[in-house]
**Q** 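Just passing along the structure, written as structure tokens.
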Amino acid sequence: MCVVKDYFFPVRSGTDSTAKPLRRFIKVFFHNKGIDKVKLTNILHNKLVRSKVPIYFKEQDPPLVSYKYTNNISSSVFNYNQTLRNVNLDDYRNASSSCDCESSTFRYEPHGHVITGDLRIVRNRKLRRLLEKGPKYREQSNIDWTLNKRILIKAVDDYVKSWSKREGYHVSALEEWSETVKLIISNGINNLQHRKFRPCNKILDPHIKAYLTELQSKYVLVPADKAGNNIIFVCKYYYIHTLMEELGINSGTNLDSAYVNQDRTVDEIIQTHASTLEDVFDIKLHYEQKEKNLPQIYWIPKLHKTPYKARFIAGSSSCTTTRLSKLITECLKLVRSHCTAYCKTIRERTGVNSMWIINNSLDVIRALEEKQLFLHHVSTWDFSTLYTSLPHAQLKKQLHDLLERVFTTKGKSFIATNNFRTFWANDRTSTRYTYFSCRELCLAIDFLIDNIYVRFGSSVFRQVIGIPMGTNSAPLLADLFLHTFEYDFMVKTMKQDITKAIQFSDTFRYIDDLFSINNVDFGNYISAIYPSELQLKDTSISSTEVCYLDTKIRTGDINTPFRINIYDKRDDFTFRIVNFPHMDSNIPANPAYGVYISQLVRYARICTSKVDFINRLRGLSLRLRQQGFETNLLQKSFNKFFNRHGLIVEKYGAALREMRLAIQA
């Protein structure tokens with residue numbers, strides 16, 4: 001980042017750390033619905049229980065209850081990992097090897113193969129109904145009160161140990177509190193045992209599993225891009241061939257490919273990574289853990305594109321570079337915070353905004369409301385294939401320059417980071433943190449970019465252009481890479497023509513989606529801002545209406561500066577989108593109804609019109625009722641929303657009764 005001496009203000013101290021707020025949780029394994037009926041949260045808030053907390057303890061508030069859940073059905077349904085792990089490419093190199101998609105009513109004509117989210121492809125009615133609930137659905141287990149008591153008592157004992165340790169006292173200090181909680185739990189379970197509850201029958205029995213296995217022999221089952229709760233069936237032959245094309249297999253040349261086939265084996269690459277990570281970055285890989293692995297490449301269909309396209313992903317949740325990538329991510333978050341604060345200082349002094357990065361659509365709405373901007377021209381732009389287009393040499397150079405200038409401007413020697421906190425430091429004073437100097441952070445980023453390997457069957461490929469989705473730090477690397485060009489453009493323009501710079505100040509970007517306000521010239525300056533390798537596509541509906549992230553924004557009139565309502569591109573899908581919890585899933589009720597409240601908050605913050613808000617409220621309430629939510633509990637949740645967030649719905653001038661009627665409609 002170039003230092004603009006003419007406009008420099010000291011950077012605010014609020015960017016010195018990205019510490020995560022401390023929250024205390026009592027952790028409970030949610031084995032069956034009986035756990036929910038004990039109402040542990042109510043017990044912890046009981047006046048008698050709270051009175052048993054020693055008065056000399058610092059922590060007096062009850063802990064939050066967090067749950068560990070039983071497995072959802074995704075591991076039984078999705079088979080892309082298993083398919084790719086066991087793939088024999090010789091079977092697919094043979095031109096005579098094919099499929100029977102020609103005769104299928106679910107064939108997608110543009111590609112000539114089955115690619116569908118239409119679950120009528122599943123003939124077994126029981127399995128179809130299960131898949132309609134999505135991969136996150138959890139089949140219920142029968143209530144076992146003996147087991148539930150054991151689970152809850154263990155949760156209390158574990159929390160008492162950690163709580164007393166934090167306070168610096170022996171566990172006996174909490175004996176009275178602990179025994180009171182356990183007594184109320186025991187009494188509650190004794191009362192519940194006399195009630196009859198319907199037994200649960202698992203749908204995924206051996207017969208259904210056999211039919212599912214038969215389907216998986218013909219199709220690869222994957223989530224949809226932008227609709228991860230929808231299960232998509234893709235012809236296995238087409239799925240493998242799409243990956244072969246992406247990797248340049250059978251293309252005759254790899255000159256234009258983003259991937260290069262490697263002669264080294266997986267084990268040889270892993271060993272090289274392990275040695276470098278330990279010697280250079282003091283990260284020791286554990287042989288018994290999954291991180292001794294390379295990412296597996298797979299793809300998910302982009303059904304919102306015409307024709308359907310593929311989004312390629314490297315499964316990097318646990319591989320050799322995962323821990324280093326996570327550390328880099330935390331460091332880059334702190335760097336981005338510093339850049340944001342620095343650019344804010346420049347904006348306050350000059351009126352020029354050189355930080356286009358936003359966290360979500362609410363940042364846009366907040367800016368519009370604060371400035372009371374009257375919109376007369378809007379445009380949205382999309383970086384097509386951003387991740388796969390990033391040139392490695394330029395990516396490293398831009399990030400090196402950015403880090404050197406941020407470290408210099410900050411006047412600090414190191415970034416210290418761990419799983420809980422990241423901050424600037426001048427010395428390596430604690431063994432609890434990993435410290436990165438500017439040079440070390442640059443080396444870490446270089447190592448990550450230069451060692452992007454993916455597995456496909458028994459073959460290994462190195463990605464030489466772009467960075468794969470699925471890598472922890474990929475979004476931040478791309479974000480800051482684009483920021484360096486945007487910042488340099490704004491600084492240069494500000495020095496030449498500050499009026500022109502102000503014209504570009506109402507520009508917002510969320511990773512690869514860009515939104516420009518009241519700037520008819522934006523499209524003419526794209527080549528002056530970004531490198532030629534990156535292509536920006538105009539995605540505006542018109543100059544007066546755009547869809548940006550989860551909003552539809554329209555220009556206003558004399559009385560209304562702008563109009564905004566909810567936009568969900570999944571509404572345009574040709575099949576029903578799976579969304580929100582099902583109440584017959586093996587989950588507790590409170591978090592599910594909390595989803596309802598959080599959606600209402602989002603709707604109210606975005607929608608400028610009462611009609612739009614009430615329509616969304618009505619549609620959401622109907623959807624949740626269809627998925628087992630109770631009308632009276634939805635109304636109670638709405639009351640809670642109205643009492644806590646009444647200020648954001650005041651703009652509608654609607655009475656509580658009018659909005660509550662929409663819940664039942």
**Q** Could you state the interatomic distance from CZ (F613) to CG (L600), rounded to the nearest 0.5 Å?
**A**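 It is 5.5 Å, given to the nearest 0.5 Å.
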**Q** With a 4.0 Å cut-off, would you call D401 and K397 a salt bridge?
**A**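 Here D401 pairs with K397 in a salt bridge, since their nearest N and O are under 4.0 Å apart.
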**Q** Output yes when R336 and D479 qualify as a salt bridge under the 4.0 Å nitrogen-oxygen rule, no when they do not.
**A**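 Salt bridge flag = yes for D479 with R336.
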**Q** List the atom of G351, the atom of I502, and the distance in Å for their closest heavy-atom pair.
**A**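 Of all heavy-atom pairs spanning G351 and I502, the closest is O-CG1, 3.9 Å.
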**Q** Is the shortest side-chain heavy-atom distance between C339 and H483 below 4.5 Å?
**A**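 Yes - at least one pair of side-chain heavy atoms lies under 4.5 Å apart.
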**Q** If we ignore hydrogens and angles and just use 3.5 Å, is the side chain of T345 paired with the main-chain N or O of A341 as donor and acceptor?
**A**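 Yes; judged by distance alone, with no hydrogens or angles, the pair exists.
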**Q** Any donor-acceptor pair under 3.5 Å linking the side chain of N353 with the backbone of R347?
**A**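 No, the answer is negative, given that no donor and acceptor are paired below the 3.5 Å cut-off.
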**Q** With a 4.5 Å heavy-atom cut-off, do T434 and D282 have their side chains touching?
**A**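 Counting from C-beta outward, T434 and D282 never come under 4.5 Å.
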**Q** Please lay out, stage by stage, how E486 and I529 fare under the test side chain to side chain contact (heavy atoms under 4.5 Å, CB included).
**A** CA-CA 6 Å; E486 293 156 357; I529 304 172; 4.3 Å; yes
**Q** Taking all non-hydrogen atoms of both residues, which atom of N451 and which atom of T321 are closest, and how far apart?
**A**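 It is O-CG2, 4.5 Å.
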**Q** Please walk me through it: do D550 and R602 pass salt bridge (charged side-chain N to carboxylate O under 4.0 Å, His left out)?
**A** CA-CA 10 Å; D550 59 346; R602 186 171 75 90; 2.9 Å; yes
**Q** Which pairs pass side chain to side chain donor-acceptor pair (under 3.5 Å) with one or both residues in residues 465-475, sequence neighbours excluded?
**A**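 Residue pairs passing side chain to side chain donor-acceptor pair (under 3.5 Å), neighbours aside: S325-S473.
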**Q** Do you know the tightest heavy-atom contact between A478 and I467?
**A**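 A478 and I467 have their closest heavy atoms at N-CD1, 4.5 Å.
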**Q** Look only at the side chain of Q463 and the backbone of I465, and say whether a donor-acceptor pair between them is shorter than 3.5 Å.
**A**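 Yes, Q463 side chain to I465 backbone: donor-acceptor pair under 3.5 Å.
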**Q** Quick one: do R323 and L285 satisfy side chain to side chain contact (heavy atoms under 4.5 Å, CB included)? Show the steps, please.
**A** CA-CA 9 Å; R323 271 199 281 164; L285 300 184; 4.2 Å; yes
**Q** Treating N518 as the side-chain partner and F374 as the backbone partner, does any N or O pair qualify as donor plus acceptor under 3.5 Å?
**A**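 Present.
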**Q** Can R428 and E440 be counted as an ion pair, charged N to O under 4.0 angstrom?
**A**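 Result for this pair is yes, salt bridge flagged.
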**Q** Identify whether the distance between the nearest side-chain nitrogen and carboxylate oxygen of R366 and E369 falls below 4.0 Å.
**A**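 No salt bridge links R366 with E369.
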**Q** With distance as the sole criterion, is a donor-acceptor pair present between the side chains of T539 and T380 under 3.5 Å?
**A**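 Per modelled atom types, T539 and T380 side chains form a pair under 3.5 Å.
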**Q** In Å, rounded to the nearest 0.5 Å, how long is the span from SG of C442 to CG of L402?
**A**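 It comes to 9.0 Å.
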**Q** In the structure I gave you, are the side-chain heavy atoms of K552 and I566 within less than 4.5 Å of one another anywhere?
**A**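 No, side chains not in contact.
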**Q** Is D450 paired with R462 through a side-chain N to carboxylate O contact shorter than 4.0 Å?
**A**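 Between D450 and R462 there is no salt bridge, as every charged N stays at least 4.0 Å from the carboxylate O atoms.
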**Q** Output yes when K58 and E167 qualify as a salt bridge under the 4.0 Å nitrogen-oxygen rule, no when they do not.
**A**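 Here K58 does not pair with E167 in a salt bridge, since their nearest N and O are not under 4.0 Å apart.
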**Q** To the nearest 0.5 Å, tell me how far D521 CG sits from I526 CD1.
**A**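 One finds 11.5 Å between CG of D521 and CD1 of I526.
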**Q** Just checking, any donor-acceptor pair under 3.5 angstrom between side chains of T417 and E330?
**A**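 Side chains of T417 and E330: no pair found under 3.5 Å.
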**Q** Checking ring pair (Phe, Tyr, Trp, His ring centres under 6.0 Å) between Y548 and each of Y567, F508, F515, Y510, which is the one that passes?
**A**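 Answer after filtering Y567, F508, F515, Y510: F515.
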**Q** Evaluate the side chain to side chain contact (heavy atoms under 4.5 Å, CB included) criterion for residues I358 and V364: first the C-alpha distance (whole Å), next the side-chain angles of each, then the deciding distance (0.1 Å), finally the verdict.
**A** CA-CA 8 Å; I358 59 172; V364 177; 3.7 Å; yes
**Q** Should the ring pair Y69 and Y67 be called parallel, tilted or perpendicular, given that the plane angle runs from 0 to 90° and is split at 30 and 60?
**A**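 Correct class here is tilted.
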**Q** Rounded to the nearest 0.5 Å, what's the gap from CD1 on I445 to CG on L403? Could you check?
**A**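 The distance works out to 5.0 Å.
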**Q** Is it the case that the ring center of F504 lies less than 6.0 angstrom away from the ring center of Y525?
**A**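 Close enough - the centres of the two rings lie under 6.0 Å apart.
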**Q** Testing the basics here: between N426 and G411, what is the closest heavy-atom pair and its distance to 0.1 Å?
**A**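 Smallest interatomic distance, heavy atoms only, reads OD1-O, 3.8 Å.
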**Q** Could you check whether atom NZ of K640 has more than 12 heavy atoms from other residues, nucleotides or ligands sitting under 6.0 Å from it?
**A**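 No, the 6.0 Å shell around NZ holds no more than 12 heavy atoms from other groups.
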**Q** Measuring only between side-chain heavy atoms, which start at C-beta, is S505 closer than 4.5 Å to M490?
**A**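 S505 reaches M490 side chain to side chain.
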**Q** Just checking, R421 and F423: is the charged tip under 6.0 Å from the six-membered ring centre and within 45° of the axis?
**A**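 The answer is yes; both the distance and angle limits are met.
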**Q** Can you establish whether the number of heavy atoms outside K27 located under 6.0 Å from its atom NZ is more than 12?
**A**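 12 or below, so no.
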**Q** Under 6.0 Å between ring centres, would you say that holds for F522 and W381?
**A**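 Yes; W381 has its ring centre under 6.0 Å from that of F522.
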**Q** Mind checking whether Y596 and F641 have ring centres under 6.0 Å apart?
**A**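 Ring centres of F641 and Y596 not closer than 6.0 Å.
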**Q** When the aromatic ring centroids of F485 and F481 are compared, is their separation below 6.0 Å?
**A**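 That pair passes the under 6.0 Å test.
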**Q** Answer whether the closest heavy-atom distance between the side chains of Y530 and F489 falls below 4.5 Å.
**A**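 Not in contact.
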**Q** Any donor-acceptor pair under 3.5 Å linking the side chain of T276 with the backbone of H273?
**A**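 No.
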**Q** With no hydrogens and no angle check, just 3.5 Å: does a side-chain donor-acceptor pair link S318 and T322?
**A**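 Absent: no donor and acceptor within the cut-off.
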**Q** Measure across K651 and I648 and return the closest heavy-atom pair with its distance rounded to 0.1 Å.
**A**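 Closest approach of K651 to I648: CE-O, 3.3 Å.
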**Q** Just wondering, are more than 12 heavy atoms of other shown residues or ligands nearer than 6.0 Å to CZ in R439?
**A**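 Count not over threshold, so no.
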**Q** Mark yes when over 12 heavy atoms from residues, nucleotides or ligands other than K136 sit less than 6.0 Å from its NZ; otherwise mark no.
**A**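 For K136, atom NZ is not crowded (no more than 12 foreign heavy atoms under 6.0 Å).
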**Q** Taking E370 for the side chain and L368 for the main chain, is one N or O donor matched with an acceptor at less than 3.5 Å?
**A**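 No, the answer is negative, given that no donor and acceptor are paired below the 3.5 Å cut-off.
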**Q** Do V378 and T544 touch side chain to side chain, with heavy atoms closer than 4.5 Å?
**A**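 Heavy-atom side-chain distance check fails, nothing below 4.5 Å.
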**Q** Quick one, T493 and I498 - any side-chain contact, counting heavy atoms below 4.5 Å?
**A**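 Side-chain contact under 4.5 Å: no.
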**Q** Can you tell me how far the CG atom of L441 sits from the CG atom of L332, to the nearest 0.5 Å?
**A**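 Going from the CG atom of L441 to the CG atom of L332 covers 6.0 Å.
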**Q** Give the minimum heavy-atom separation between V649 and A604, together with the two atoms involved.
**A**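 That would be CG1-CB, 3.8 Å.
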**Q** Give the intermediate values and the outcome of side chain to side chain contact (heavy atoms under 4.5 Å, CB included) for residues E59 and R166.
**A** CA-CA 9 Å; E59 294 176 23; R166 288 195 303 272; 2.8 Å; yes
**Q** Are R311 and D225 ion-paired here, with the side-chain N under 4.0 Å from a carboxylate O?
**A**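 Looking at R311 and D225, the cut-off is met.
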**Q** Establish, from distance only, whether the side-chain atoms of D427 and T429 form a donor-acceptor pair under 3.5 Å.
**A**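 No, T429 and D427 have no side-chain donor paired with an acceptor closer than 3.5 Å.
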**Q** Please determine if D612 and R563 form a salt bridge, counting it only when a charged side-chain N lies under 4.0 Å from a carboxylate O.
**A**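 No salt bridge links D612 with R563.
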**Q** Is there side-chain contact between W424 and L334, with heavy atoms separated by less than 4.5 Å?
**A**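 W424 vs L334: side chains touch.
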**Q** Treating T350 as the side-chain partner and V352 as the backbone partner, does any N or O pair qualify as donor plus acceptor under 3.5 Å?
**A**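 It does hold such a pair.
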**Q** For the NZ atom on K165, are there more than 12 heavy atoms of other groups (residues, nucleotides or ligands in this structure) within a distance under 6.0 Å?
**A**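 Atom NZ in K165 is not packed in, count stays at 12 or less.
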**Q** Kindly compute the distance separating CD1 (I297) from CG (L247), expressed to the nearest 0.5 Å.
**A**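 It is 5.0 Å, given to the nearest 0.5 Å.
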**Q** Using only atom types and a distance under 3.5 Å, with no angle test, would you say the side chain of H377 pairs donor to acceptor with the backbone of I517?
**A**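 Checked: no pair found.
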